[in-house]
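Accompanying notes for the structure given below.
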Amino acid sequence: MSTAASQRPNGLALFILPSALLFALFFFLPIGLMAVMSVLTGNPVVMPKVAFTMRHYVRMIDDPFYLEVIWTTIRIGLVTTLVALAIGYPLAHWMARIKSRTGHALLLMAVLAPMLTGIVVRTFAWMTLLSDKGVVNQTLMSLGLISQPLKLMYTETGIVVGLVHIYVPFMVLTLTGVIGRIDERLEQAAENLGASPFRAFIEVTLPLSLPGILAGSLLVFALAISAYVTPILLGGFQIMTLPILIYQQISANFNVGFAAALGIVLLIISLILVIAYNRALGLVSGQRELQ
Amino acid sequence: MQTTASSSLPAAQQTASVRIPRPTRPYGRTLYLAANIAILVFLLAPIAIVVVFALNPTPFIQFPPVGVSLRWFEKFFASRDFMHALWFSLEVAVLTTLSATILGASAALALARGNLPGTRLIVATMLSPLMLPAILTGLALFQTYVLLDVGRPTWGLVAGHTLVTLPYVVRTTLAVLHNFDTRLEEAAQNLGASPLRIFFEVTLPLIKPGVLAGAIFAFIVSFDQFPVSLFLVSPGNETLPVTLFNYLKFDLDGTIGAASVVSIVLAFVVVIGLDRTVGLRSYVKL
Amino acid sequence: MSASIEIAGVSKVYDGGVRAVDAVAMDIRQGEFFSLLGPSGCGKTTTLRMIAGFETPSAGAIRVDGSDITHVPAHKRDMGMVFQNYALFPHRTVAENVAFGLRMRGLDKVTIAAKVKAALAMVELSGMEERRPAQLSGGQQQRVALARAIVIAPRVLLCDEPLGALDKKLRQQMQFELKQLQKRLGLTLVFVTHDQEEALAMSDRIAVMNGGRVEQVGTPTEIYNQPTTRFVADFIGDTNILRGERAGPNLDVGKGLMLALPPSEMQGTGILSIALRPEKIRLSPRGDAPIAAGSSAHGIVENTNFLGGAVLYRVTLEGGHRVLVQQPNAGTSRLFVPGDSATLEWTPADLVVLKD
Amino acid sequence: MMKAMGPLSRRRFLTASASLGIGTIAAPYVARADDPTLRITGWGGKWGDIMKAEIGPAFESEFKCKLQTDSAFPYLPKLQASSRSAPIYDVLHTNSNEQWAAAEMGLVEPKIDPKLVPNLADVYPYAISDKIVGVSIFTSAIGLGMRTDKGYGGVTSWKELWDAKYNGVRGGYVIPVNSLGQAFLMMCGTLFGKGQTDLDAAYAALEKLKPIKIVDFTGAMEKMLLSGEVGLCVIHDSGIYRYDGQNQPTDFVSPSEGVLSLEQVLTITPGSKMKELANAYVNYMLRPEVQKRLAETVWYSPANKKVKLDAKYDAKLLTTPEKVSKLIQVDWKWYNERKDEIDQRVNRIFRA
């Protein structure tokens, strides 16, 4: 029954206004300011004389280092997303299907706990675990499995581990919602038709949860490519990502224009991915909206 | 994730008449549980380390720990700075949660029901604060406040936090609204409820799980927000993560572990409190 | 107090030009059990939703007791409605669900409590007050929905396939109870269904709809016995429809079969369809006696369908026409088996001439 | 309208009042409105503790003002974003290289007027040398930190950091963001090339320093040394001495080639509306008793020649002209002009 066929905005559309105002004042204006600063020789807010320049963008194109940094950022984002999906899915499935309410509550607490630990402290905990004298290496060495400490810190692996840990709750909770809505009887129907539980999962649950997979992946990817505390602390500046470079430019080189240009590039990359995601979501699920 | 072993035997190849009992099933179940428990260990190990760190008497992380002491907790609770930062963080998180929840839920309602043109573009825009390194967002906001000559007020910090938490509320609320049976609203209308009453008596209670899930995320993300706060906090009014980060530059001792343990407990109290007061039920969805 | 409803030339056109309801007109009398019957997509639910006020007609008017309510918002129409799948508020208890409409009317708590108690007693759900809809069976949910709709003493009760989700036994019981209740309360009830048996069993009058239009309005007997259109004849019950050209008092349906037309239809020329209900045909073992032209034929039983109280046979006539024949299972005579030769006889007056 | 909502509305009320309660408790401190406010920056840790507990309040009561200390990093970008005529700080306290960057951008006044800050007359020359913008109120010595329990002993030269036996336990800093790292890079030029500005020699030396564990701030290095994650590292003396009396198996090595100077520099912003008070603050921070208290708290070497530290501190800190002469100052102006180029190069060198 589609009354929605009438395309004119109705009274409820007005409810977007407070958010629109928030975005106008606290997002478009500031980011616009940053975008302007990325093509100027100085800060127009506090300096009287500034001129137009493309030098910040030219610098990025001129030196392959920055392209490598962009690629490293995207690569870390992709790997983090894939790993978060791989370990988030089973947990989300368990959470969605667990019968006991207490069990569910405990799982929920366990999933939320990493988010509550505080980004700085949590990353230090990872340093304790992953450093040469850390828990993992000491355990492995005392078990005689390795003789030299594994290099876990200051590598992309370390960053990915740290990022996955922080962002897996976002993946799990997105997926739990979607998997929870999939009628369990569909899996039973598939099993009844002769599919093994694993096969039923692959044939039924997995495709139906695709919107959740995409939504969760998008979120984790977006968060991972814009993270900087974890990459700094676990990568020790030896792995350079865009946000680290931005941080460095702001806090140590005081070159806000270049930092802004880098930020704009990161935002554009992200938005391209969101649009691609929207397309993909439309293709796989016919679902109309982002969730 | 169940019964990986049997996947190599497509069901169609098995004879339809006789169903062979599957010895693989419990095996698959075990694997499924084992995998999940391994994942939980991964999620919780760093938190265990933080607790060890908080209780370890030496001023640096040591493994294995050399003893148990509450000195870092004492130091944390005795510190006026930490206590003030803790309460200030809570204040900001509560205000952020309120504003992000109200704005986000309204926006989601408008997006799902308002017949707005360009809904996809709006949703994508609303997610975009998540995609910018928050330090740049923080600096951009700071620059804007300088431009507007408003200083660094608490509302400015709350606005920044609202900006980066709003996407979560919009997502969770939209998810529930898309699964909403609009006949329930018609039923209420049929029974004589005015549009306003329908909203408060039917729509709102039913989208509550989504709104609440968004609110919880907003609270957690705001409470743990560091990069956006970095430029927006003002002297004397610093949030806990900023205080911790600055503390860390000079004193990397168990106090930050203690602060973290206190934060976890506090955040759980808030989440459980929300559950008890407004009824989280079992649906936290993002 | 129950009301009458007049639907005057109502149409509903959606954006994109889909004409869901096309110039529907009908008068629903006070205290009447009125069914809208038709296949899915025929416009019956849209019509009901326009009566309820969830849709605004593109043309035409809806009047209740003579006053135009076409543009009155749904929540001011004072009509009870039982939704398909009930639309019970999942976040409220049974009692709260039933009390909802009363609260909207600003009644005091004591009155509400009393009315809720009475309504739940009426639908035999006393003691279930504090349960939530999810804790009830389908039949119980249906009763709650019914109680919620009638507790406000509506002028009209609207039901959108209210029994569709119930199993057969329960469904029959609820049909009976709903009918009883409607009679007892003297409710004007508009009932949407796609189940013709249900419509026939319960209604005072039925409007058969197809493609957004009303095909026929009449009592169940009229609809069954004198369908006026080919669609109605086909949709209501099993029937044999034959098409042919008039040849004097007979109809030539081809393949050598001539049917004697009923006395009232002997005049005229041209092409015509007739309907003949399977139970109006008598089936007997083929004898040697010659058959009466126009009201009997020979054929071979192709298959049988045992219905319990009756048996339905598919018979191929000598010329090749296939007809359905239903015989009561009286238990006295031998049942036919496939391959049996048989003689079919009918009364020309039982032929119903259809409009195309 | 809500009359029938019963317990729900009560619960809502409770939730709402709880959040209001939190808001009240955490209401920002209200400054005494009539007192002028001096806006400064300052470190956290022990420095911040004693500033807040003693030295700040004493200044406030003596000069009838309010000190507002921003201790949230980073300071310079905030100053940079604020209006030149209404800067967010009156006095900027950072390390020397940032002060140079600030001075280049016109964010701070390059020199302190000795007429307005009489105590300037008593500081060691290095504290107001041409390598310094404003005045250095303290300095610490950048040298080597060593574990004493691993049999490393006998380290006397910077060059020993390149010894292969420290592979895996060698520690350094992220050069683009850390003063110690930057100073160390200049040291490399001196050690292996023609002098501080011999960048090519420095790059070559850094290349050979790998594998090295690099961190972005000193606190992290202290912990790595304490936990044994590193055995020999670049560090400032304060980072070792502050654990004095805790029997940690660590020691500071003052290399024979000299120690680098890590200055705590104060400057005044040109747009400050509190110039007088700002100068008074700088002067106050150079007072012998203030210098002594801070130096003994955080193990920084005082800039004021007249300061007499207790023996324990005096033995280790740079408190005599002879000791001070071992300090090597970095030409930050020269460095900052090449910072982008250097960053790019070292980012590549240390890329994993």
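Atoms considered below: every heavy atom in the structure, side chains included; atoms not considered: hydrogens, waters and symmetry mates. Naming: A, B, ... by sequence-line order, numbering from 1 per chain.
Residue A:V256 touches chain B through its side chain alone, counting heavy-atom pairs closer than 4.5 Å. Contact annotation for B:L121: neither backbone nor side-chain heavy atoms come within less than 4.5 Å of a heavy atom of chain A. Proximity to chain B is limited to the side chain of A:M37, based on heavy atoms less than 4.5 angstrom apart. Of the atoms belonging to A:F221, not a single heavy atom falls under 4.5 Å from chain B. Residue A:L107 touches chain B through its side chain alone, counting heavy-atom pairs closer than 4.5 Å. Both the backbone and the side chain of B:L139 come within less than 4.5 Å of a heavy atom of chain A. For B:T125, the parts lying under 4.5 angstrom from a heavy atom of chain A are both the backbone and the side chain. When heavy atoms are compared at a cutoff of 4.5 Å, B:F226 approaches chain A solely by way of its side chain, counted from C-beta outward. Interface remark: A:Y228 contributes side-chain atoms only to the contact with chain B (heavy atom separation under 4.5 Å). Proximity to chain B (any heavy atom under 4.5 Å) is restricted, for A:M34, to the side chain, taken from C-beta onward. Neither the backbone nor the side chain of A:I225 comes within less than 4.5 Å of any heavy atom in chain B. Contacts of B:L40 with chain A are made by side-chain atoms alone, with heavy-atom separations under 4.5 Å and no backbone atom involved. Of the atoms belonging to B:Y145, it is side-chain heavy atoms, and not backbone ones, that fall under 4.5 Å from chain A. Of the two parts of A:L91, the backbone and the side chain both hold a non-hydrogen atom closer than 4.5 Å to a non-hydrogen atom of chain B. Looking at B:I102, neither its backbone nor its side chain comes within 4.5 Å of chain A, counting heavy atoms on both sides. Within the 4.5 angstrom heavy-atom criterion, atoms from both the backbone and the side chain of B:I264 approach chain A.
The CG atom of A:L29 sits 10.5 Å away from atom CD of B:Q143, with the distance rounded to the nearest 0.5 Å. A distance of 10.0 Å separates CZ in B:F42 from CG in A:L129, rounded to the nearest 0.5 Å. Note that the CG atom of B:L136 and the CD1 atom of A:I264 stand 7.0 Å from one another [nearest 0.5 Å]. If you take OG on B:S128 and CD1 on A:I31, they are separated by 8.5 Å, rounding to the nearest 0.5 Å. B:I47 contributes atom CD1, which lies 5.0 Å from atom NE2 of A:H165 (distance to the nearest 0.5 angstrom). Atom OH of A:Y247 and atom CD1 of B:I135 lie 6.0 Å apart (nearest 0.5 Å).
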Step by step, would you call B:F231 with A:I250 a side chain to side chain contact (heavy atoms under 4.5 Å, CB included)? CA-CA 11 Å; B:F231 287 96; A:I250 291 175; 3.7 Å; yes
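Most heavy-atom pairs under 4.5 Å with chain A, from the set B:P129, B:A48, B:A159, B:A259: that is B:P129. Highest contact tally toward chain B, considering only A:V161, A:N43, A:L14, is held by A:N43 [criterion: heavy-atom pairs under 4.5 Å]. When each of B:V221, B:N36, B:V261 is checked for heavy-atom pairs under 4.5 Å with chain A, B:N36 comes out on top. Most heavy-atom pairs under 4.5 Å with chain A: of the set B:A100, B:S263, B:P133, B:G160, this distinction falls to B:P133. Between chain A and the options B:P46, B:S106, B:A38, B:A110, the largest number of non-hydrogen pairs under 4.5 Å is found for B:P46. Interface summary for chain A: among B:P227, B:A35, B:G257, the most heavy-atom pairs under 4.5 angstrom belong to B:P227. If you tally non-hydrogen atom pairs under 4.5 Å between each of B:L166, B:T137, B:L244 and chain A, the highest count goes to B:L166.
The ring of A:W126 has its center no closer than 6.0 angstrom to the ring center of B:F53.
Counting heavy atoms from C-beta on, the side chains of A:F26 and B:L141 come closer than 4.5 Å. In this structure the side chain of B:L163 reaches within 4.5 angstrom of the side chain of A:F23, judged on heavy atoms. Annotation: side chain of B:R113 is not in contact with side chain of A:F15 (no heavy-atom distance under 4.5 Å).
A donor-acceptor pair under 3.5 Å links the side-chain atoms of A:S226 to the main chain of B:L130, judged by distance alone.
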